[in-house]
Amino acid sequence: MKPVTVKDLVERFSLEVLAGHSELHRPITKTKAHRPGLEFVGYFEYFPQEHVQLLGRKEITYLHKLTETERNLHIGNIVKYHPPCFVVTRNQEGLKYLTKYCEEERIPLLRTAAATSKFQDLVDLYLSKSLAQEMAIHGVCVNVSGIGILLRGKSGVGKSETAHTLIRRGHRLVADDIVVLKKISPETLLGTHNGKTKEFLALRSIGLINVSRLYGRKAFQDETRIVLDIELTKWQEHALNNDLELEPAFTEYMDIRIPHIEIQLQPGRDVAGLVEAAANSWYLRQQGYSAAEEFMQRLQSD
């Protein structure tokens, strides 16, 4: 997890700094922005003080209607908790009293032209990804027909070459060599690159290629939700399970279980085609369809 500061928020969303210029180094450690409502009427028992505080039209209009004494009391009660920052939306004006308190308490006061609900969604998404628990693994990450897949295996087994074939068939590269996994929720695993390897694919005997330059922008995707873990292994005689339906296997990353498939390699096998088949089969299973179940039903109907 990389640290996020108020300055990162300012730069990411081009926010105007109204107060607290010297405090932009403040850390942000919580993922969701909070709109103070009950706090303005004096209820602080569950006040999430470590969250970004968002002030929309509703909050600012309420403050404008208060007397100076009431306003000073309500704002004073909130700023004493020293949240990371306040963000005012819709470029609202008349914020001298708010600026005064933020300057006194050295709390950044920021402003954006964006609508409140839209900005809150963007901030929550940005913080959830930036503050997510993460780990890096050796492998390749691709998006096959909208389905995020991890390709793993020993060095030289053919992961990057398989990814290259998939790209030529219209699918997308996400990361090669180093895949960064982020736990966005208890059930959601996001795969992305580390920045340095963005768009690059390393092919033995060829070297480094930029897939976006070589095959167009559609050949690359910045991130994808991981739903399949495919391990490429060397062919082993008599090791394949030829049952109609294999026992489900899983790989666990940060307590998230991902369906696992092993594909054994042999000259002449269309590995990229097998990856496509695995992706399409997973999708059909999500729709409630199983080829093995349909086949057994046909046998039983005879």
Side-chain angles (χ1 to χ4, degrees), residues 125 128-129 132-153 157-194 197-201 203 211-212 214-233 241 244-265 269-294:
L125 181 61
S128 67
K129 291 180 179 179
Q133 180 185 352
E134 66 178 50
M135 64 181 292
I137 66 167
H138 174 67
V140 177
C141 182
V142 290
N143 183 283
V144 177
S145 301
I147 296 169
I149 297 176
L150 277 178
L151 295 177
R152 296 187 299 109
V157 78
K159 300 183 296 296
S160 297
E161 289 79 1
T162 300
H164 180 252
T165 303
L166 289 167
I167 291 167
R168 293 190 61 193
R169 294 183 181 183
H171 307 296
R172 297 177 177 180
L173 173 72
V174 176
D176 181 41
D177 190 33
I178 299 174
V179 181
V180 178
L181 302 178
K182 295 189 175 187
K183 184 179 180 180
I184 303 300
S185 77
E187 295 85 26
T188 306
L189 192 68
L190 199 69
T192 186
H193 51 82
N194 65 358
T197 60
K198 180 180 179 179
E199 300 176 324
F200 287 124
L201 184 66
L203 300 174
V211 298
S212 295
L214 206 58
Y215 298 111
R217 289 180 296 174
K218 290 184 178 180
F220 175 77
Q221 185 168 316
D222 202 54
E223 59 189 26
T224 187
R225 181 187 175 189
I226 302 296
V227 298
L228 274 180
D229 177 77
I230 296 180
E231 184 178 6
L232 304 183
T233 62
N241 188 331
L244 291 179
E245 193 162 32
L246 300 176
E247 278 296 316
F250 297 89
T251 306
E252 195 170 284
Y253 299 102
M254 295 177 287
D255 299 322
I256 298 178
R257 298 205 324 159
I258 303 296
H260 171 82
I261 297 173
E262 179 182 332
I263 296 179
Q264 293 192 10
L265 307 181
R269 292 200 92 189
D270 180 10
V271 180
L274 293 174
V275 172
E276 289 177 318
N280 292 330
S281 179
W282 177 88
Y283 176 77
L284 288 174
R285 278 190 164 279
Q286 305 312 299
Q287 309 306 308
Y289 173 78
S290 168
E293 289 178 6
E294 182 182 6

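All of these numbers come straight from a predicted model, not from anything done at the bench. Count residues from 1 along the sequence.
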Pairs satisfying ring-ring contact (aromatic ring centres under 6.0 Å, His included), at least one member in residues 162-192, at least two apart:
His164-Tyr215
Can you check side chain to side chain contact (heavy atoms under 4.5 Å, CB included) on Lys183 and Asp255, steps first, answer last?
CA-CA 9 Å; Lys183 184 179 180 180; Asp255 299 322; 4.0 Å; yes
Would you please test Val144 and Leu228 for side chain to side chain contact (heavy atoms under 4.5 Å, CB included) and show each step?
CA-CA 10 Å; Val144 177; Leu228 274 180; over 6 Å; no
Got a sec: does the OH of Tyr253 have more than 12 other heavy atoms crowding it under 6.0 Å?
yes
Results of side chain to side chain donor-acceptor pair (under 3.5 Å) for Arg169 - residues two or more places apart only
Asp270, Glu276
Looking only at heavy atoms, what is the nearest atom pair of Thr251 and His260, with distance?
OG1-ND1, 3.2 Å
Derivation of the side chain to side chain contact (heavy atoms under 4.5 Å, CB included) call for Lys129 and Thr192
CA-CA 11 Å; Lys129 291 180 179 179; Thr192 186; over 6 Å; no
Check each of Leu214, Thr162, Leu201 against Ile167 using the side chain to side chain contact (heavy atoms under 4.5 Å, CB included) test, and report the only one that passes.
Leu201
Sequence neighbours left out, what passes salt bridge (Lys or Arg N to Asp or Glu O under 4.0 Å) with Glu199? Give chain and number order.
none
Gln286: side chain to side chain contact (heavy atoms under 4.5 Å, CB included) partners, not counting sequence neighbours
Trp282
Going by side chain to side chain donor-acceptor pair (under 3.5 Å), name the residues that satisfy it together with Thr165, two or more places apart in sequence or in a different chain.
none
Contacts of type side chain to side chain contact (heavy atoms under 4.5 Å, CB included), residue Gln221, not counting sequence neighbours
Asn143, Arg172, Val174, Thr224
Considering only heavy atoms from C-beta outward, does the side chain of Ile258 approach that of Leu150 to under 4.5 Å?
no
Who passes side chain to side chain contact (heavy atoms under 4.5 Å, CB included) against Thr233, sequence neighbours left out?
Glu231, Glu262, Gln264
Check the pair Val275 / Ile261 against side chain to side chain contact (heavy atoms under 4.5 Å, CB included), numbers first and verdict last.
CA-CA 10 Å; Val275 172; Ile261 297 173; over 6 Å; no
Partner residues of Lys218 under the salt bridge (Lys or Arg N to Asp or Glu O under 4.0 Å) criterion, sequence neighbours left out
none
I'd like to check the ring pair (Phe, Tyr, Trp, His ring centres under 6.0 Å) partners of Phe220; sequence neighbours left out, ordered by chain and number.
His193
Does the pair Glu223/Lys182 count as a salt bridge with the N-to-O cut at 4.0 Å?
no
According to side chain to side chain donor-acceptor pair (under 3.5 Å), who are the partners of Asn280, at least two apart in sequence or on a separate chain?
none
Excluding sequence neighbours, so at least two apart, what forms side chain to side chain donor-acceptor pair (under 3.5 Å) with Ser281?
none
What residues, two or more places apart in sequence or in another chain, satisfy side chain to side chain contact (heavy atoms under 4.5 Å, CB included) together with Leu284?
Tyr289
